[in-house]
Each structure stands twice: as C-alpha cells, then as structure tokens.
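What follows is a single structure, written as structure tokens, with notes after it.
Please read all numbers here as calculations on a predicted model, not as lab measurements. The figures that follow rest on heavy atoms only: side chains count, while hydrogens, waters and symmetry mates do not.
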Amino acid sequence: MASSMLWASRAASYLRISVFHRGFSTVLKDLKYADSHEWVKVEGNSATIGITDHAQDHLGDVVYVELPEVGAAVKQGESFGAVESVKATSDVNSPVSGKVVEVNDELSGSPAKVNSSPYEDGWIIKVEMKDAGELKNLMDSEEYSKFCEEEDSKH
C-alpha cells in the first residue's frame, strides 16, 4: 500500500497534478453548529440548515437525501430527514425549532451537492424559526472545530 501511494505521489508530481491530502474539514465563522454535525445560517427569522463538511466527509459519497414536506414542524435536536451515503445512513437533526418553509429539491436529483458544497448548494431545508433563543444551545465555529478535533481523536 505504501509503495502504491509513493508511486501515485511521484506520478502526480511528474504530471504536475496537485495531490490534496484532506487533514481537516471546513468550518465557516458566521454559522452556528449542533453537536450532531448540522449547521444553521440565520438571517432574521429565517434559518438555512444543512450538514457540516465534517459530517459529509465522514459519510462519504451521498447518494440520497430524505427531505421533509414544506409546512412540517421541526424541533431542535430532533430528526427531520436522513442522508444516505455509500457507507451509512444518518439522521439529520434540526438545530432550531420552527416550520419548514423551503426544501432543497435539487438534492433529489443531485444528492452529491451535499458533498461538493455542504454550505452553499448542499443546504437541506429553510426554517421559519420559532425561538431565536435556541441559538444559545449551539456552538460557534471555534467551539465546533474543537469539538470535531476531540471527537476525531477518540476514533
């Protein structure tokens, strides 16, 4: 195995192809994070929700995203859907309570957007928040980065 990695690195170097070894996941500063690896971007009373780069990296290639219905009620910490990958199926929990006002229908035909763009094109739902005070229960980017490092060191 080591010799094939060495060969691949040498071949990539010879062909001037950059080899990117992923050592950490991207964490965006202006978002809030749940310990179940969902992110939330708040704009006024509206919350956009998806899974983190860390979560999609651990899941592997996403092949299906189960979306809730528009109008469905979601509750902080409770499941509203699932993400299925080639490795596993994982529940997606809502970081805030409220009512689903929009779902990302593009994920039905292109679930891999969760992998390629977890914070932009791979968002899952938009929620009209019921209680902005719930945001205090979530982590900021620094706390979440530390949380992920500690979690990864246990495995």
Side-chain angles (χ1 to χ4, degrees), residues 1-43 46-72 74-96 98 100-127 138-155:
M1 177 72 179
S3 63
S4 65
M5 283 296 287
L6 181 62
W7 177 87
S9 291
R10 284 186 180 154
S13 177
Y14 177 76
L15 296 170
R16 295 198 169 120
I17 301 170
S18 64
V19 180
F20 178 65
H21 298 287
R22 187 179 187 115
F24 59 90
S25 300
T26 303
V27 176
L28 301 184
K29 285 196 182 300
D30 61 339
L31 305 180
K32 290 288 200 173
Y33 299 88
D35 61 6
S36 51
H37 301 287
E38 293 84 15
W39 58 264
V40 59
K41 180 179 183 179
V42 178
E43 298 173 83
S46 176
T48 303
I49 297 167
I51 66 167
T52 65
D53 189 34
H54 182 83
Q56 72 77 25
D57 189 41
H58 282 269
L59 278 169
D61 295 337
V62 173
V63 295
Y64 177 73
V65 179
E66 179 187 313
L67 300 167
E69 297 289 322
V70 170
V74 293
K75 199 168 181 183
Q76 186 176 51
E78 292 187 7
S79 174
F80 66 78
V83 174
E84 187 177 323
S85 74
V86 293
K87 290 183 186 178
T89 299
S90 180
D91 282 340
V92 183
N93 298 327
S94 185
V96 294
V100 177
V101 293
E102 189 177 346
V103 297
N104 189 350
D105 288 324
E106 288 189 25
L107 297 180
S108 297
S110 303
K113 286 183 179 194
V114 170
N115 295 113
S116 61
S117 181
Y119 300 115
E120 297 289 329
D121 299 334
W123 63 273
I124 299 175
I125 62 172
K126 293 188 180 183
V127 171
L138 303 174
M139 292 177 268
D140 65 20
S141 59
E142 284 182 32
E143 292 168 320
Y144 182 68
S145 291
K146 204 173 291 182
F147 175 79
C148 291
E149 287 171 22
E150 289 170 5
E151 192 176 73
D152 286 349
S153 71
K154 293 176 188 172
H155 295 122

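Rounding to the nearest 0.5 angstrom, the gap separating the OG1 atom in Thr52 from the CG atom in Leu28 is 10.0 Å. Asp91 contributes atom CG, which lies 9.5 Å from atom OG of Ser36 (distance to the nearest 0.5 angstrom). Rounding to the nearest 0.5 angstrom, the gap separating the NZ atom in Lys41 from the CD1 atom in Ile49 is 13.5 Å. His54 contributes atom NE2, which lies 10.0 Å from atom CG of Leu59 (distance to the nearest 0.5 angstrom). The OH atom of Tyr119 sits 9.5 Å away from the CD1 atom of Ile51 when rounded to the nearest 0.5 Å.
Partner Pro95 forms a side-chain contact (heavy atoms from CB on, under 4.5 Å) with one of Val42, Val127, Val40, Leu31 and no other, that one being Val40.
Residues satisfying the side-chain contact (heavy atoms from CB on, under 4.5 Å) criterion with Glu66, sequence neighbours excluded, are Tyr64, Ala82. Partners of Tyr144 by ring pair (Phe, Tyr, Trp, His ring centres under 6.0 Å), not counting sequence neighbours, listed by chain and number: Tyr33, His37. Residues forming a side-chain contact (heavy atoms from CB on, under 4.5 Å) with Ser46 (at least two apart in sequence, or on another chain): none. When the side-chain contact (heavy atoms from CB on, under 4.5 Å) test is applied to Glu78, the partners found at least two apart in sequence or on another chain are Lys75. Legend: residues meeting side-chain contact (heavy atoms from CB on, under 4.5 Å) with Val70, ordered by chain and number and at least two apart, are Val103.
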In a table with atom names and distances, give each donor-acceptor pair under 3.5 Å that connects a side chain of residues 107-118 to protein atoms at least two apart or in another chain.
{"unit_1": "Ser108", "atom_1": "OG", "unit_2": "Asp105", "atom_2": "O", "d": "3.4"}
{"unit_1": "Lys113", "atom_1": "NZ", "unit_2": "Glu106", "atom_2": "OE1", "d": "2.3"}
{"unit_1": "Asn115", "atom_1": "OD1", "unit_2": "Val62", "atom_2": "N", "d": "2.7"}
{"unit_1": "Asn115", "atom_1": "ND2", "unit_2": "Gln56", "atom_2": "OE1", "d": "2.7"}
{"unit_1": "Asn115", "atom_1": "ND2", "unit_2": "Gly60", "atom_2": "O", "d": "2.9"}
{"unit_1": "Ser116", "atom_1": "OG", "unit_2": "Ala112", "atom_2": "O", "d": "3.4"}
{"unit_1": "Ser117", "atom_1": "OG", "unit_2": "Asp121", "atom_2": "N", "d": "2.9"}

Please report the C-alpha distance between Asn104 and Ile124 in whole Å, then the side-chain angles of each, then the deciding distance to 0.1 Å, and finally whether the side-chain contact (heavy atoms from CB on, under 4.5 Å) criterion is met.
CA-CA 5 Å; Asn104 189 350; Ile124 299 175; 5.7 Å; no
Quick one, Val100 with Phe80, criterion side-chain contact (heavy atoms from CB on, under 4.5 Å). Give me CA distance, side-chain angles, the key distance, then yes/no.
CA-CA 10 Å; Val100 177; Phe80 66 78; 5.9 Å; no
After noting the C-alpha distance and the side-chain angles of Ser85 and Asp61, does the key distance pass the side-chain contact (heavy atoms from CB on, under 4.5 Å) rule?
CA-CA 5 Å; Ser85 74; Asp61 295 337; 5.8 Å; no
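The local environment of CD in Glu120 is sparse, with at most 12 non-hydrogen atoms from other residues, nucleotides or ligands closer than 6.0 Å.
Panel note: side chain Ser145, backbone Glu142; no donor-acceptor pair is recorded below 3.5 Å. Using modelled atom types, one side-chain atom of Glu143 and one backbone atom of Asp140 make a donor-acceptor pair closer than 3.5 Å.
For residues 27-39, no pair satisfies salt bridge (Lys or Arg N to Asp or Glu O under 4.0 Å), with sequence neighbours left out.
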